[in-house]
There are 2 protein chains.
Amino acid sequence: MARTQGSHAGTTGPKVRDAALRLFARHGFAAVSMRQIAREVGVQAGALYLYTPDKQTLLFELMRDHLEDLLAAWDPPEGGALRRLEHFVRHHIAYHLDRPDLVFIAYMELRNLSPENFATIEGLRRDYENRLEAILNEGVATGRFDVPDTKLATMAVISMLTGVTTWFREGGRLSRTDVGNLYWDMVRKAVLAA
Amino acid sequence: MARTQGSHAGTTGPKVRDAALRLFARHGFAAVSMRQIAREVGVQAGALYLYTPDKQTLLFELMRDHLEDLLAAWDPPEGGALRRLEHFVRHHIAYHLDRPDLVFIAYMELRNLSPENFATIEGLRRDYENRLEAILNEGVATGRFDVPDTKLATMAVISMLTGVTTWFREGGRLSRTDVGNLYWDMVRKAVLAA
DNA sequence: CCTTGAATTGAACGTGTGTTCAGATAATCT
DNA sequence: AGATTATCTGAACACACGTTCAATTCAAGG
């Protein structure tokens with residue numbers, strides 16, 4: 001037998017990516033087999049190879065698409081460095097809270113990429129970090145910010161903000177708005193000149 | 001043949017843990033086989049089972065020992081909340097920079113633990129977080145700190161500090177002392193009342 | 001020097017891995 | 001209705017996995 005009722009490439013392709021994303025995030029890339037992904041999709045393992053050349057490419061494309069979406073999704077507002085920084089902080093938190101699985105694998109599975117794939121992902125991540133660093137540099141140049149080392153501050157702020165996905169739970173004590181406000185409060189105080 | 005020259009249980013045990021730590025950190029727990037660890041130690045795979053009941057326990061004990069050492073290593077100084085916080089920040093950074101592999105697996109391989117092992121590790125981690133939260137609470141109580149939510153601030157600060165291991169490279173632009181100073185500067189400004 | 005016991009080998013067990021592919025099926029097009 | 005094509009199955013490939021264990025070797029104690 002082959003091709004059970006009602007199955008089309010248009011729906012199976014996304015289902016493969018969804019299942020892979022969920023399973024990779026939950027158990028880790030190396031711990032998930034192609035047969036597990038196939039079972040989740042409702043298909044035999046061989047059929048997956050109509051939608052990806054191999055397992056690693058499945059992971060790579062999830063990470064690449066995530067980072068490209070992240071880069072495309074941010075529209076820096078007009079205004080000074082402080083206003084742009086606030087927008088960056090709030091947007092980073094909101095965007096990451098909406099995609100915990102993608103964030104997780106994009107930060108955790110780097111070592112399972114081939115060297116070329118790793119370089120691509122690393123480049124995209126650096127593009128994102130450079131945006132924050134540019135804001136900090138601008139604020140320092142205008143004297144509004146007191147940041148002795150903008151490279152370190154960039155890494156520190158991104159680590160702090162991204163960490164929100166490890167503890168935030170929907171319906172918990174704090175709303176998303178609360179979280180955005182509280183993080184922005186800390187970042188603002190940390191970079192602002194006295 | 002068995003038992004090649006000059007090998008003793010006293011040296012093989014630690015070598016197994018060292019090799020496992022290095023390989024787990026580099027490639028991930030699930031991606032490392034017992035045979036790879038054995039090859040690194042210079043022994044056959046079966047011999048590893050004289051030193052660990054199974055692969056998962058090897059991981060668990062690395063994580064547990066790391067967290068217990070971390071908890072035991074910190075000796076909070078006399079003084080107010082600000083002084084204790086500074087000591088915590090500097091100690092956290094120094095301790096983590098000395099053990100990048102342990103930090104890495106303790107944060108990355110949680111999902112490869114059995115439920116009971118996970119609960120143990122989670123408890124140890126919470127003990128550590130509670131120390132920071134207690135400092136923040138004390139500072140808020142005395143009016144020295146302006147921290148609207150000490151639980152969130154705890155997570156934010158720990159994420160920020162632990163992130164140092166992802167980018168710091170020995171012999172780079174910044175020394176360890178520089179890094180300690182710069183992080184402490186950000187944390188201090190973020191929590192201090194105006 | 002001989003015995004004892006810890007340390008290790010090497011083979012084996014059953015199961016699972018990523019990937020390929022000829023053949024089968026169902027939807028689409030003429 | 002018949003031919004075509006995209007979609008999927010199921011079996012197979014060669015290899016690797018974690019773990020066990022009888023047999024073997026070496027170091028130490030009497």
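Computed over heavy atoms, backbone and side chain alike; hydrogens, waters and symmetry mates excluded. Since the structure is predicted, the reported quantities are computational estimates derived from the model, not experimental observations. In the text below, chain A, chain B and the rest are named by the order of the sequence lines, each starting its count at 1.
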Counting heavy atoms from C-beta on, name the nucleotide in [options] closest to the side chain of [X].
{"X": "A47(A)", "options": "dC8(D), dG18(C), dT8(C)", "result": "dC8(D)"}
{"X": "D54(B)", "options": "dT19(D), dC8(D), dG18(C)", "result": "dT19(D)"}
{"X": "Q44(A)", "options": "dG18(D), dG10(D), dC8(D)", "result": "dG10(D)"}
{"X": "L50(A)", "options": "dT9(D), dT7(D), dG18(C)", "result": "dT7(D)"}

**Message:** Strictly below 4.0 Å, N to O, side chains only: are K55(B) and E109(B) in salt-bridge contact?
**Reply:** no
Item to complete: Using a strict cut-off of less than 4.0 Å between a Lys/Arg side-chain nitrogen and an Asp/Glu carboxylate oxygen, indicate whether R188(B) and D185(B) qualify as a salt bridge.
Response: yes
Atom-to-atom span, [atom1] of [X] to [atom2] of [N] - whole angstrom:
{"X": "N112(B)", "N": "dG18(D)", "atom1": "CG", "atom2": "P", "value": "12 Å"}
{"X": "M34(A)", "N": "dG10(D)", "atom1": "CE", "atom2": "P", "value": "18 Å"}
{"X": "L48(B)", "N": "dT8(C)", "atom1": "CG", "atom2": "P", "value": "10 Å"}
{"X": "Y49(B)", "N": "dC17(D)", "atom1": "OH", "atom2": "P", "value": "11 Å"}
{"X": "L58(A)", "N": "dT19(C)", "atom1": "CG", "atom2": "C1'", "value": "14 Å"}
{"X": "L23(A)", "N": "dT17(C)", "atom1": "CG", "atom2": "P", "value": "12 Å"}

Under 3.5 Å between N/O atoms: give me all the protein pairs with nucleotides 11-15 of chain D, atom names plus distance.
{"from": "dA12(D)", "atom 1": "N6", "to": "R35(A)", "atom 2": "NH2", "distance (Å)": "3.3"}

Whether the N117(B) and T120(B) side chains hold a donor-acceptor pair (N or O, under 3.5 Å, no angle test) is what I'd like checked. no
Report yes if at least one side-chain N or O of [X] is closer than 4.0 Å to OP1 or OP2 of [N]; otherwise report no.
{"X": "S33(B)", "N": "dC17(D)", "result": "yes"}
{"X": "Y51(B)", "N": "dT8(C)", "result": "yes"}
{"X": "T12(A)", "N": "dC8(D)", "result": "yes"}

With a 4.0 Å cut-off on heavy atoms, is V32(A) in touch with a base, just the backbone sugar-phosphate, or nothing at all? sugar-phosphate
Q) Is the Lys NZ or Arg CZ of R111(A) less than 6.0 Å from the centre of F29(A)'s six-membered ring, within 45° of the axis? A) no
Sorted by position of nearest nucleotide on DNA chain C, 5' first, the leading residue of A31(A) and P53(A) is A31(A)
By side chain to side chain donor-acceptor pair (under 3.5 Å), K151(B) pairs with (sequence neighbours left out) E133(B)
Quick note, side-chain hydrogen bond (donor to acceptor under 3.5 Å, both in side chains) partners involving residues 63-75 of chain A, not counting sequence neighbours, are W74(A)-H87(A)
* Answer with yes or no after comparing the ring centroid distance for H96(B) and F168(B) against a 6.0 Å cut-off, counting only values under it. => no
